[in-house]
Amino acid sequence: AQRPRGAELTFELPDNSRQCFHEEVEQGVKFSLDYQVITGGHYDVDCYVEDPLGNTIYRETKKQYDSFTYRAEVKGVYQFCFSNEFSTFSHKTVYFDFQVGDEPPILPDMGNRVTALTQ
């Protein structure tokens with residue numbers, strides 16, 4: 001079985017820009033993406049996820065935070081992007097947690113996680 005793995009990252013998203021990240025996922029494996037805008041503007045960001053075939057499997061606009069879970073239907077590189085292209089003046093800081101695999105999270109209740117993010 002594939003060991004669960006993940007990435008946690010806080011990054012800068014200047015105005016009018018986009019940042020994309022890539023992760024290879026095996027077929028049938030579940031992955032999840034949680035993100036939150038920590039600073040900047042109205043605390044909103046556009047986010048989308050594409051599968052290896054270029055299909056958009058998730059798209060949300062102007063969200064402060066959201067979660068997305070998906071079971072990979074095809075093996076390959078999944079791309080997830082955060083876009084601040086609608087904003088011409090506000091620089092954002094975005095936090096995300098990307099997990100691959102079926103292991104339960106260490107903190108099952110979202111309550112703890114949100115507090116940790118807020119501090």
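Only heavy atoms go into these numbers, but all of them, side chains included; no hydrogens, no water, no symmetry mates. The model shown is predicted, which means the values in this text are computed figures rather than measured ones.
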Quiz item: Tell me, do Asp66 and Tyr58 make a side-chain contact under 4.5 Å, heavy atoms counted?
Solution: yes

Exercise. Using a 4.5 Å cut-off on heavy atoms from C-beta on, say whether the side chain of Gln27 contacts that of Val74.
Key: no

Quiz item: Is the shortest heavy-atom distance from the side chain of Val94 to the side chain of Thr10 under 4.5 Å?
Solution: no

Self-check item: Atom NE2 of His42 with >12 non-hydrogen neighbours under 6.0 angstrom
Solution: no

Exercise. Mind telling me whether Phe21 and Phe82 have parallel, tilted or perpendicular rings, with 30° and 60° as the class edges?
Key: perpendicular

Self-check item: Point-to-point distance, once rounded to the nearest 0.5 Å, from CG of Asp15 to OG of Ser90
Solution: 7.0 Å

Practice problem: Measure the OH-CD distance between Tyr65 and Glu60 for me, rounded to the nearest 0.5 Å. | Solution: 12.5 Å

Quiz item: Between the side chain of Asp51 and the main-chain N/O of Leu53, is any donor-acceptor distance below 3.5 Å?
Solution: yes

Quiz item: Is there a donor-acceptor pair closer than 3.5 Å between any side-chain N or O of Arg71 and the backbone N or O of Gly28?
Solution: yes

Self-check item: Minimum side-chain heavy-atom gap Glu23-Val100 below 4.5 Å
Solution: yes

Quiz item: Shortest non-hydrogen contact from Lys63 to Val37?
Solution: O-CG2, 3.9 Å

Quiz item: From Gln79 CD over to Glu50 CD, what is the distance, rounded to the nearest 0.5 angstrom?
Solution: 5.5 Å

Quiz item: Only one of Gln64, Lys92, Lys62 clears side chain to side chain donor-acceptor pair (under 3.5 Å) with Asp44; which?
Solution: Lys92

Practice problem: Anything under 30° is parallel, anything over 60° is perpendicular, the rest tilted; go ahead and classify Phe68 against Phe31. | Solution: perpendicular

Quiz item: Shorter than 2.5 angstrom, is that how the SG atoms of Cys81 and Cys20 come out?
Solution: yes

Quiz item: Does the pair Phe80 and Tyr35 meet the rule for a ring-ring contact (aromatic ring centres under 6.0 Å, His included), with working shown?
Solution: CA-CA 11 Å; Phe80 51 106; Tyr35 62 91; 9.6 Å; no

Quiz item: According to a 4.5 Å side-chain heavy-atom criterion applied to Ile, Leu, Val, Met, Phe, Trp and Tyr, with indirect links allowed, do Val25 and Tyr48 form part of one hydrophobic cluster?
Solution: no

Quiz item: Taking C-beta and beyond as the side chain, do Val45 and Leu13 meet within less than 4.5 Å on heavy atoms?
Solution: yes

Quiz item: Under a 4.5 Å cut-off applied to non-hydrogen side-chain atoms, are Leu9 and Tyr95 in contact?
Solution: no

Exercise. Can you establish whether the number of heavy atoms outside Glu12 located under 6.0 Å from its atom CD is more than 12?
Key: yes

Quiz item: When you look at Asp34 and Ser67, which way does the side-chain hydrogen bond (donor to acceptor under 3.5 Å, both in side chains) test go after all the steps?
Solution: CA-CA 4 Å; Asp34 293 292; Ser67 294; 2.4 Å; yes

Practice problem: Can you measure from OG1 (Thr69) to CD (Gln99) and round to the nearest 0.5 angstrom? | Solution: 10.5 Å

Practice problem: Indicate yes or no: at least one non-hydrogen side-chain atom of Phe11 is less than 4.5 angstrom from one of Gln19. | Solution: yes

Practice problem: Taking all non-hydrogen atoms of both residues into account, name the closest pair between Gly101 and Val29 and its distance. | Solution: N-CG1, 3.8 Å

Exercise. Can you measure from CG (Asp46) to CZ (Arg18) and round to the nearest 0.5 angstrom?
Key: 9.5 Å

Self-check item: Separation of Glu24 CD from Tyr78 OH (nearest 0.5 Å)
Solution: 10.5 Å

